[in-house]
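Here's the structure, in structure tokens; my notes come after.
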Amino acid sequence: MLDLKLIQRDPQVVIDALNKRHSKIDVNEFLELDARRRALLNEVEVLKSQRNKASEEVAKIKRAGGDASDRFKELGELAGRIKELDAAAEEVVAQVGEWLISVPNVPHESVPVGADENENVELHKWGTKPELDFAPKEHWELAEALGGLDFERGAKLAGSRFTVLWGWAARLERALVNFFLDIQTREHGYTEMFPPAIVNSTTMTGTGQLPKFEDDLFKLNYKDFYLIPTAEVPLTNLLSGEQLVEADLPYAFTAQTQCFRSEAGSYGKDTKGLIRQHQFTKVEMVRLAHPDSSFEQLELMRQHAENMLQRLGLHYRVVTLCTGDMGFSSAKTYDIEVWLPGQDTYREISSCSNCTDFQARRANLRFKREGAKKPEFVHTLNGSGLPTGRTMVAILENYQQADGSIVIPEALRPYMGGVEVITPDMAQGK
RNA sequence: GGAGAGGUAGCGAAGUCCGGCCGUAACGCGCUCGACUCGAAAUCGAGUUAGGGGUUAAUAGCCUCUACGUGGGUUCGAAUCCCACCCUCUCCGCCA
């Protein structure tokens, strides 16, 4: 949510921002609505002020033992008018609120302007593509011999976009979670958390999933419950409504959770393999940062994500998302794209965003600056560090051998009970 | 699922039965400033909710409205009365 004051004071900033995002939202229309809101509030407040004064007088008379009933007829009429005006004002206030909550964040000045992912700008590359003297296979092709990834039975149990992991793959899944969490907590200073995977609509609104992106979520048919699409949701909302202490910033949380996404609107996209699942595991990083240093924190978080891939020896590139490709809540986003030789392309494996005060305003995450009278919103950041499924895909495709076996990256071997290579004779679940 | 208790500021908590100077909200803690002190602790004194509207260069001051879990209702007037819902805690039942 944007600052209403900013829109009033400097609407051009918002108009420019929306244009850069190729949004059709009309700011001038909103300004008229807001003017009507203020006029109505003004009108009704005058009447309320009259009523409050009269009420005080009535109270005085009553306390003195007098009879004030001759005032009631006139006051009754006043109450009637207040009720009408109040209802009108409330509606406009609600409209203003709905508008505000459906406007995306203003991109940071350093973000390249562009229409879609083709205009994202490469920041840098790390490592090199593996040199394979054979035609590399895609990960699901590799799994035909290796087993481990059981797409058919996943589909049988639940439907498409669900996969059962057998044996070595399930072990690799667990190894990746532990590997990621160990580095995030021991070396990058994150506090390990274990949040609920189900949250309510208020929480979903705090991070911006609701109200605009309800279709992307799984809503439970019980209470006001939704399955989280990422641990960003519970972790960012964790301290909502609380007043934070400046010296405690930044908070740095990490958690591994199951993530649930409906993937509505991506029918036919990545239907094969582990790339796009309804349920997947992800280790997430969330930071609640001081507004003065949040963009430095974004660089830091991006490095944390990159570090994971470097340890695994996976070649990747980092791109700065252009204005047209950024998410709703973000002011600046880096995508890290890992090289997949089987698919002969870079695929997103991590997304690190600074949402500035956009989510903090929705979730009411505030701190008091030293010496300041009024509390101020923190900045929220989130990044994947990393998802297990796509990492597994990258390992399979990058470390495949001519004979169809997979070399386990050295950093991961202690987490795999010393296993160095996955071979077809370990196959299960074919 | 059944019975009961509760939801008030940064935290704890009074007020609710009997509606009206009790919401810039008693009292306590915390925090800020000051006094005392070489300095600190202790003690003493003062201050300390947020959001909206108006005015303004101002996120300063002043005027004003709103908020006592949420949403309705009764009333001239609701923290207080009525209805519905949400959440927390305790006990019972069920259960990994």
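Quantities reported herein were computed from a predicted structural model and do not represent experimental measurements. No hydrogens, no waters, no symmetry mates; every other heavy atom, side chains included, goes into these values. Naming convention: chains lettered A, B, ... in sequence-line order (proteins, then strands); numbering from 1 in each chain.
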* Distance between C1' atoms of B:A25 and B:A67 (Å, rounded) -> 13 Å
* Atom C1', compared across B:C27 and B:A13: separation rounded to whole Å -> 8 Å
* Given that A:E90 and A:F225 both sit by RNA chain B, which one's nearest nucleotide is further toward the 5' end? -> A:E90
* **Rounded distance (nearest 0.5 Å) linking atom CG of A:L31 with atom CH2 of A:W99** => 7.0 Å
* Structure fact -> Of the listed B:U64, B:A50, B:G20, the closest approach to the A:R366 side chain comes from B:A50
* Within the pair A:R38 and B:G54, is there a side-chain N or O less than 4.0 Å away from OP1 or OP2? -> yes
* What is the distance, rounded to the nearest whole Å, between atom CG of A:L244 and atom P of B:G10? -> 12 Å
* In whole angstrom, give the distance that lies between atom CD of A:Q50 and atom P of B:C65. => 11 Å
* How long is the span from the CD atom in A:Q258 to the OG1 atom in A:T388, to the nearest 0.5 Å? -> 7.5 Å
* B:U48 and B:A60: how far apart are their P atoms, nearest whole angstrom? -> 16 Å
* **Nearest to side-chain heavy atoms of A:A59, which nucleotide of B:G20, B:C65, B:G53** => B:G20
* To do: For the pair A:F328 and A:F358, name the ring-plane relationship: parallel under 30°, tilted 30 to 60°, perpendicular over 60°.
  => perpendicular
* Asked: Does a nitrogen or oxygen in the side chain of A:K223 sit under 4.0 Å from OP1 or OP2 of B:C87?
  -> yes
* To do: Go through the N and O atoms of the side chain of A:E45 and the base of B:G52, and report whether any donor-acceptor pair is under 3.5 Å.
  => yes
* Rounding to a whole Å, what distance do you find between A:R361:CZ and B:G51:P? -> 11 Å
* Tell me whether the centres of the aromatic rings in A:F367 and A:H290 are closer together than 6.0 Å. => yes
* Both distances under 3.5 Å, Watson-Crick or G-U wobble: report the partner of B:C89, or none. => B:G4
* Structure fact -> Winner on side-chain proximity to A:K48, out of B:U66, B:C76, B:G53, is B:U66
* Does A:R287 count as lying over the ring of A:Y190, i.e. NZ or CZ under 6.0 Å from the six-ring centre, within 45 degrees of the axis? -> yes
* **From A:P107, A:P104, A:S23, residue fulfilling side-chain contact (heavy atoms from CB on, under 4.5 Å) relative to A:T323** => A:P107
* Asked: Mind checking the C1' distance from B:A5 to B:A26? Whole angstroms is fine.
  -> 24 Å
* Asked: Distance between the P atoms of B:U59 and B:U66, in whole angstroms?
  -> 22 Å
* Asked: B:G52, B:C76, B:U66: which one has an atom nearest the side-chain heavy atoms of A:N52?
  -> B:U66
* Reckon A:Q8 has a side-chain N or O less than 4.0 Å from the OP1 or OP2 of B:G53? -> yes
* To do: Determine the Euclidean distance between corresponding P atoms of B:U75 and B:C62; express it in Å to zero decimal places.
  => 38 Å
* Asked: What's the NZ-C1' distance between A:K60 and B:G20, to the nearest Å?
  -> 12 Å
* Asked: Any side-chain donor paired with an acceptor under 3.5 Å for A:E263 and A:S266?
  -> yes
* For A:K62 and B:G77, give me the distance from atom NZ to atom P, rounded to whole Å. => 13 Å
* Structure fact -> Contacts of A:K368 and A:R51 projected onto RNA chain B by closest heavy atom; the upstream (5') one is A:K368
* Can you figure out which of B:C65, B:U74, B:G20 approaches the side chain of A:K83 most closely? => B:U74
* Asked: Given atom CD1 of A:I82 and atom C1' of B:C65, what is their separation to the nearest angstrom?
  -> 11 Å
* OP1 or OP2 of B:G20 sitting under 4.0 Å from any side-chain N/O of A:S55? -> no
* Considering only atom C1', compute the distance from B:U32 to B:G10 and round it to an integer number of Å. => 13 Å
* Can you tell me the distance, in whole Å, between the CZ atom of A:R369 and the P atom of B:U32? => 18 Å
* Asked: In whole Å, what separates the P atom of B:U70 from that of B:A78?
  -> 16 Å
* Asked: Taking atom P of B:U55 as reference, at what distance in whole Å does atom NZ of A:K5 sit?
  -> 13 Å
